Protein chains: 2
Amino acid sequence: MAVTIKDLAKETGLANATISAYLNGIPVREYNRVKIEEAIKKLGYIRNDYARGLKTHRSGTIGVLIPELSSVFSTTIITEMEETLREKGYGIIVCDCRTDLKREEESIRFLLSKMVDGLIIMPVSADKSTFGTAIDKKIPVVVIDRKTNSKDVSHVVINNREISRAATERILAKGCRKIALVTGDMSVYTAKERKEGYEEAMRSAGLYDDSFIMNGGLSVEGGYAATKDILANMPDVQAIFVTNYEMTIGSIIALNEEGKKIGKDIEFTGFDKVEITRAFVPAMETVNQPLEEIGRVAAATMTEMIDGAEPKDIILKADIL
Amino acid sequence: MAVTIKDLAKETGLANATISAYLNGIPVREYNRVKIEEAIKKLGYIRNDYARGLKTHRSGTIGVLIPELSSVFSTTIITEMEETLREKGYGIIVCDCRTDLKREEESIRFLLSKMVDGLIIMPVSADKSTFGTAIDKKIPVVVIDRKTNSKDVSHVVINNREISRAATERILAKGCRKIALVTGDMSVYTAKERKEGYEEAMRSAGLYDDSFIMNGGLSVEGGYAATKDILANMPDVQAIFVTNYEMTIGSIIALNEEGKKIGKDIEFTGFDKVEITRAFVPAMETVNQPLEEIGRVAAATMTEMIDGAEPKDIILKADIL
DNA sequence: AAATAAATTCGAAACGATACGACTGACGGA
DNA sequence: TCCGTCAGTCGTATCGTTTCGAATTTATTT
């Protein structure tokens with residue numbers, strides 16, 4: 001079967017405890033170190049994390065739960081998170097719950113049964129019911145991109161409201177008065193915050209009118225449909241502000257189809273780095289989230305919590321490109 | 001501490017073995033079933049996979065190793081794979097090795113120490129040295145998007161050469177004679193195959209000239225640079241064929257910057273579903289890989305191998321949109 | 001109702017690593 | 001030379017499951 005510590009012990013003539021010590025970085029005599037290392041190489045030993053985890057109740061693994069793996073938003077953050085955590089000796093297990101609450105719960109059970117030392121999660125709902133089990137088990141939880149009503153978890157979010165307000169004000173400064181907003185369902189934290197930022201700006205200008213607000217369902221298709229709708233029913237619209245990556249893409253496609261030139265026929269502000277479109281629509285403005293930073297900070301917060309730190313809320317700053 | 005089977009045993013007055021049996025789907029008496037289920041709910045029991053894995057040498061987990069998490073190619077495949085595996089009761093652990101051979105090895109050790117029941121991998125090199133450890137341990141390995149020189153693993157690839165040949169022939173049929181190819185380093189399996197498909201078509205037409213072949217390094221920047229280069233140094237080029245997603249994007253950006261209209265000034269065939277560009281460059285042709293199918297098939301092959309099937313090679317068909 | 005067959009349940013021994021207290025030997029100081 | 005110190009090493013119990021043969025209960029047959 002697999003090579004175990006006992007095999008190493010037999011091979012080297014040492015006790016398991018000594019091998020274990022070596023493996024855990026506790027100093028052993030030079031000549032023993034050499035023997036052990038030779039044996040490891042010779043036998044091809046790989047530590048059995050399951051046995052270790054059983055004994056230590058630690059796995060050296062962080063669970064990452066996201067609603068959708070196939071979005072730049074998630075992957076950029078995850079990549080950076082993995083990097084940071086790896087440096088601290090942690091690996092990650094990623095679960096994609098497909099924006100499905102039931103799967104989210106399933107996944108959390110899965111991760112917990114894998115004995116993760118912590119949970120970084122972008123919850124589908126703002127309700128703590130799903131990750132409550134983790135909290136009960138005293139497993140540190142970091143929530144990203146959402147604010148929840150729980151005091152037991154850390155939050156890492158961006159200044160959604162402020163940046164949306166600023167973006168809207170920038171459009172206003174260009175002289176636009178009829179500005180449409182494409183956002184998501186108000187049950188989604190970011191959608192709500194971003195809408196409120198927009199609302200603040202519009203109200204201050206005395207221009208708020210909620211018929212300018214469209215729900216784009218946070219998807220490419222939704223953004224596309226919402227934009228078509230806007231163009232069809234609000235002929236005098238002067239600008240569109242779209243509040244996430246997918247909808248931005250959909251919206252641009254719709255504008256393009258309708259022959260509306262951004263910067264000329266209409267002002268446009270999108271969300272996130274829509275790389276390719278910059279070539280085609282240089283006049284487009286974009287709210288740029290510090291994705292790498294979110295990943296880094298979330299990871300760092302996680303390790304701090306594992307080491308005993310209290311939960312904290314961190315707000316990072318997005319900027320406008 | 002955590003709730004264990006023993007706690008359930010105490011709570012119900014049954015032996016651990018009975019609880020274990022219930023948990024594993026072996027029938028127990030109705031009234032015991034009820035008692036056990038109540039106890040589980042009451043105490044909030046979650047099975048400790050580590051203890052179980054230690055005993056059974058199975059983890060119910062498949063390791064997935066990819067060179068780059070932040071690419072549509074990977075994420076689409078992974079998402080589909082996860083779906084399929086989940087249905088069979090497996091979870092996945094994803095590792096991103098950042099196209100780095102050393103990390104690839106590290107990650108494989110990590111995954112093996114996590115006792116994965118199988119490994120699905122998109123190797124950086126075609127050399128079996130990295131995943132050899134897995135094979136030695138009799139762990140099924142499925143390689144996607146690459147052919148390796150190992151007979152012990154399954155391969156899931158697309159018909160790279162044929163489809164590239166077909167794509168090239170299609171361009172030729174439009175009357176183009178000077179067709180540039182942007183591909184990657186010849187050490188990369190897909191780059192090589194795709195280049196050879198192109199070469200076959202060009203040779204048949206008596207038009208092959210390797211000065212038309214550019215290395216775009218498989219990245220957006222590389223594709224961009226290669227295309228700029230082509231436009232600068234091959235003024236009479238009539239068409240460009242780009243062989244992966246990232247380079248396609250880079251190439252389109254470059255063409256756009258240079259004011260070259262696809263379908264008018266130049267013919268263009270890209271690779272993979274470049275969603276957004278379709279709105280801007282409807283004349284663009286694209287080789288479309290069946291990503292979902294790759295994921296599905298890889299996952300299915302994995303479970304078959306776990307159940308004892310022999311390694312096999314599967315070639316899926318891409319088409320041209 | 002007794003005897004046999006079938007279905008559950010039980011107890012205790014693993015699985016592979018770590019933790020803990022006890023033990024060894026080498027070294028320096030008195 | 002003797003003793004205390006301390007870095008290393010050793011045995012062994014233990015983590016929470018599953019496994020397996022034996023023991024017990026329930027169902028079936030005669």
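All chains are named by letter (A, B, ...) in the order of the sequence lines, taking the proteins before the strands, and each is independently numbered beginning at 1. Quantities reported herein were computed from a predicted structural model and do not represent experimental measurements.
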TODO: Determine which pairs satisfy salt bridge (charged side-chain N to carboxylate O under 4.0 Å, His left out) with at least one residue from residues 51-65 of chain B, sequence neighbours left out, and list them in order.
DONE: B:R58-B:D117
- [ ] Send over the distance from B:E30 CD to C:dT9 P, rounded to a whole Å.
- [x] 11 Å
Task: Residue-phosphate contact under 4.0 Å: A:H57 side-chain N/O, C:dT18 OP1/OP2 - done: no
Task: Per-nucleotide protein contact string for nucleotides 18-27 of chain D (B base, S sugar-phosphate only, - none; heavy atom under 4.0 Å) - done: BB------S-
Open item on the list: Measure NZ/B:K114 against C1'/C:dG16 and give the value in whole Å, please.
Closed with: 15 Å
Task: Residue list, side chain to side chain donor-acceptor pair (under 3.5 Å) with B:E30, at least two apart or on another chain - done: B:R33
TODO: Among residues two or more places apart or on two chains, list those pairs meeting side-chain hydrogen bond (donor to acceptor under 3.5 Å, both in side chains) that have a residue in residues 88-98 of chain A.
DONE: A:R98-B:E83
- [ ] Using whole Å, report how far CD1 of B:I46 lies from C1' of D:dT17.
- [x] 16 Å
Open item on the list: Restricting to side chain to side chain donor-acceptor pair (under 3.5 Å), what partner residues turn up for B:N160, sequence neighbours left out?
Closed with: B:R194
TODO: Not counting sequence neighbours, list each pair that qualifies as a ring-ring contact (aromatic ring centres under 6.0 Å, His included) and has a residue in residues 33-52 of chain A.
DONE: A:Y50-B:Y50
Task: Atom pair CD1/CG of B:I139 and B:L111 - distance to nearest 0.5 Å - done: 9.5 Å
TODO: Enter the distance from B:I5:CD1 to B:N16:CG here, rounded to the nearest 0.5 Å.
DONE: 6.5 Å
Open item on the list: Distance check needed: C:dC10 P versus B:N32 CG, whole Å only.
Closed with: 7 Å
Task: Between C1' of D:dT17 and CG of A:D49, the distance in whole Å - done: 17 Å
Could you list the donor-acceptor pairs under 3.5 angstrom formed between side-chain atoms of residues 61-73 of chain B and any protein atom two or more places apart in sequence or on another chain?
unit_1: B:T61; atom_1: OG1; unit_2: A:K114; atom_2: NZ; d: 3.2
unit_1: B:T61; atom_1: OG1; unit_2: B:S59; atom_2: O; d: 3.1
unit_1: B:T61; atom_1: OG1; unit_2: B:S59; atom_2: OG; d: 3.4
unit_1: B:E68; atom_1: OE1; unit_2: B:T99; atom_2: OG1; d: 3.2
unit_1: B:S71; atom_1: OG; unit_2: B:S74; atom_2: N; d: 3.2
unit_1: B:S71; atom_1: OG; unit_2: B:S74; atom_2: OG; d: 3.1

Task: Value in whole Å for how far the P atom of C:dC15 lies from NZ of A:K6 - done: 6 Å
TODO: Would you kindly give the CZ-to-C1' distance between B:R58 and C:dG16, to the nearest whole Å?
DONE: 18 Å
Open item on the list: Under 4.0 Å, heavy atoms only, any strand: does B:I26 hit a base, just the sugar-phosphate, or nothing?
Closed with: nothing
Task: Relative orientation of the end axes in the helix from C:dA1-D:dT30 to C:dA30-D:dT1, expressed as an angle to the nearest 10° (five pairs per end) - done: 40°
- [ ] Measure from CG on B:L14 to C1' on C:dA12 and round the result to the nearest Å.
- [x] 17 Å
Open item on the list: Once side-chain contact (heavy atoms from CB on, under 4.5 Å) is applied, do any residues pair with B:A17, and if so which ones, sequence neighbours excluded?
Closed with: none
